[in-house]
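Reviewing the structure listed below.
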Amino acid sequence: MRAPHCFSARSKRSQGFTLVELMLVLGIILMILGLVAPSMGGILKGKKIEQAIASVNTALESARMEAISQNSYVWVGVLNVAPANASSGQDELWLLNFKSTAPSPSRVPTESSGGKSIPVSPLTRIEGVSMVKVDTLPKTVFDVLPLTAQDPNADLSAAEDSATPIYWTNGDKKKDTTFTKLVLFTPRGEAIRDSGTLDLPSPAPYICIGLAQTINGRMPPTTKDAAAVIVSGFSGRISTIRP
């Protein structure tokens, strides 16, 4: 009759953890979290750049295929949006593919031309990433670009000073947006660096779009979360260079 009583007493003593044991387990968990958190932060930052690369490539390729298949002109508008104007409260990169209803379908639609833009894809928003000057990218990216700052055909800027406002409709709301950069694809699949002027420029050898994770429009000096998307003007072929 004593054996069951002794077994029961030992079982009760073995249930649960002591305060020392709980503190030890908690300390181990906190130590693991401290080791994992920095690497997880880097992974999340890298994912933003990966998303930006994928979105820009998709927008460019979709515009090119639309232009060729429909024998038309299709633009890709790229816009940097400051945190104050972004719903996320951080830097955002916006992408929009559109066509023009202007009398000359190869020209940017403006209010004065009587034309308007017709989006051919939904507006894409990418958080925490901006388009930056290509020559500010990490040296490992800039050194392998197929052009240099001395090349007269190089498009290394993040902005086109003469870009004009693009009128487009989002549901029932009419938007008036000046995109930071315009890339126009022709029916032959050529890519043109468009500035919204009256004269249609010839294709440049390369159009470069620098991408980087930014804070208030500025890229951290030691960042590796950057890339350059390169479009061949004559073939429309798209490639990406990363650190």
Side-chain angles (χ1 to χ4, degrees), residues 48-81 85-87 91-111 113 115-127 129-131 155 157-160 162-197 200-201 203-204 206-211 227-240:
K48 290 183 179 180
I49 289 298
E50 293 294 342
Q51 180 190 1
I53 293 171
S55 297
V56 171
N57 276 272
T58 297
L60 294 169
E61 186 60 33
S62 297
R64 179 175 177 272
M65 295 307 298
E66 176 82 10
I68 294 173
S69 63
Q70 300 298 319
N71 192 35
S72 60
Y73 293 86
V74 182
W75 282 264
V76 178
V78 189
L79 174 65
N80 285 337
V81 179
N85 300 318
S87 57
D91 293 335
E92 289 186 2
L93 185 70
W94 290 10
L95 303 168
L96 180 70
N97 290 14
F98 62 92
K99 294 182 179 180
S100 171
T101 63
S104 176
S106 64
R107 301 316 306 130
V108 172
T110 64
E111 190 174 30
S113 69
K116 64 179 180 180
S117 63
I118 305 174
V120 295
S121 67
L123 179 68
T124 300
R125 293 181 173 90
I126 308 164
E127 299 176 359
V129 174
S130 298
M131 180 169 58
D155 177 24
S157 65
E160 298 289 356
S162 57
T164 58
I166 307 303
Y167 293 86
W168 58 284
T169 302
N170 183 13
D172 295 330
K173 297 180 179 179
K174 192 173 183 181
K175 303 288 186 180
D176 175 6
T177 304
T178 302
F179 284 93
T180 311
K181 186 184 288 290
L182 297 174
V183 180
L184 171 63
F185 286 93
T186 72
R188 294 190 296 182
E190 299 168 324
I192 295 175
R193 182 177 66 239
D194 201 347
S195 59
T197 58
L200 184 65
Y206 299 101
I207 299 173
C208 294
I209 300 176
L211 301 172
V229 176
I230 305 171
V231 187
S232 169
F234 299 110
S235 69
R237 187 173 64 87
I238 303 162
S239 58
T240 304

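Note that the structure is a prediction, hence the values are computed from the model and not measured. Note that these values count all heavy atoms, side chains included, but never hydrogens, waters or copies made by symmetry.
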Point to revise | Minimal non-hydrogen separation, Ala191 against Ser232, with atom names | key: CB-O, 4.0 Å
Point to revise | Atom of Val74, atom of Glu66 and distance for their closest heavy-atom approach | key: CG2-CG, 3.6 Å
Review point. Is there a side-chain contact between Pro203 and Ile192, using heavy atoms and a 4.5 Å cut-off?
Key: yes
Check your understanding: Could you go step by step and tell me if Phe185 and Ile68 meet the side chain to side chain contact (heavy atoms under 4.5 Å, CB included) rule?
Key -> CA-CA 8 Å; Phe185 286 93; Ile68 294 173; over 6 Å; no
Check your understanding: Between Ile126 and Leu95, is any pair of side-chain heavy atoms under 4.5 Å apart?
Key -> yes
Exercise for review: Test Asn80 against Asp91 for side chain to side chain contact (heavy atoms under 4.5 Å, CB included), laying out the working first.
Suggested key: CA-CA 7 Å; Asn80 285 337; Asp91 293 335; over 6 Å; no
Practice item. Look at the side chain of Asn85 and the backbone N and O of Val81, then say whether any donor-acceptor pair between them is shorter than 3.5 Å. Key: no
Study note, to complete from the structure: Shortest non-hydrogen pair, Ile230 vs Cys208, comes out as CG1-SG, 4.0 Å
Revision key, fill the gap. The reported gap from CZ in Arg125 to OG in Ser55 (rounded to nearest 0.5 angstrom) is 13.0 Å
Point to revise | Nearest-0.5 Å distance, CD1 of residue Ile209 to NZ of residue Lys181 | key: 6.5 Å
Exercise for review: Answer whether the closest heavy-atom distance between the side chains of Trp75 and Ser100 falls below 4.5 Å.
Suggested key: yes
Review point. Atom CG in Leu79, atom CD in Glu92: separation rounded to 0.5 Å?
Key: 10.0 Å
Check your understanding: Roughly how far, to the nearest 0.5 Å, is the OG1 atom of Thr240 from the CD1 atom of Ile49?
Key -> 11.5 Å
Review point. Which atom pair, heavy atoms only, marks the closest approach of Phe234 to Glu190?
Key: O-CG, 3.8 Å
Review point. OG1 of Thr58 to CD1 of Ile53: how many Å apart, nearest 0.5 Å?
Key: 11.5 Å
Check your understanding: Does some side-chain heavy atom of Val120 sit less than 4.5 Å from a side-chain heavy atom of Phe98?
Key -> no
Review point. Got a second to check how far Lys48's NZ is from Leu93's CG, nearest 0.5 Å?
Key: 13.0 Å
Check your understanding: Closest heavy-atom contact between Ala52 and Val129?
Key -> CB-CG1, 3.8 Å
Practice item. Determine the minimum heavy-atom distance between Leu182 and Gly77, stating which atoms define it. Key: CD2-CA, 3.9 Å
Check your understanding: Between the side chain of Asn97 and the main-chain N/O of Ala59, is any donor-acceptor distance below 3.5 Å?
Key -> yes
Exercise for review: For the pair Val78 and Val183, evaluate side chain to side chain contact (heavy atoms under 4.5 Å, CB included) and give the outcome as yes or no after the intermediate values.
Suggested key: CA-CA 8 Å; Val78 189; Val183 180; 5.5 Å; no
Review point. Quick check: does any side chain N or O of Arg64 sit under 3.5 Å from a backbone N or O of Ser235, one acting as donor and the other as acceptor?
Key: yes
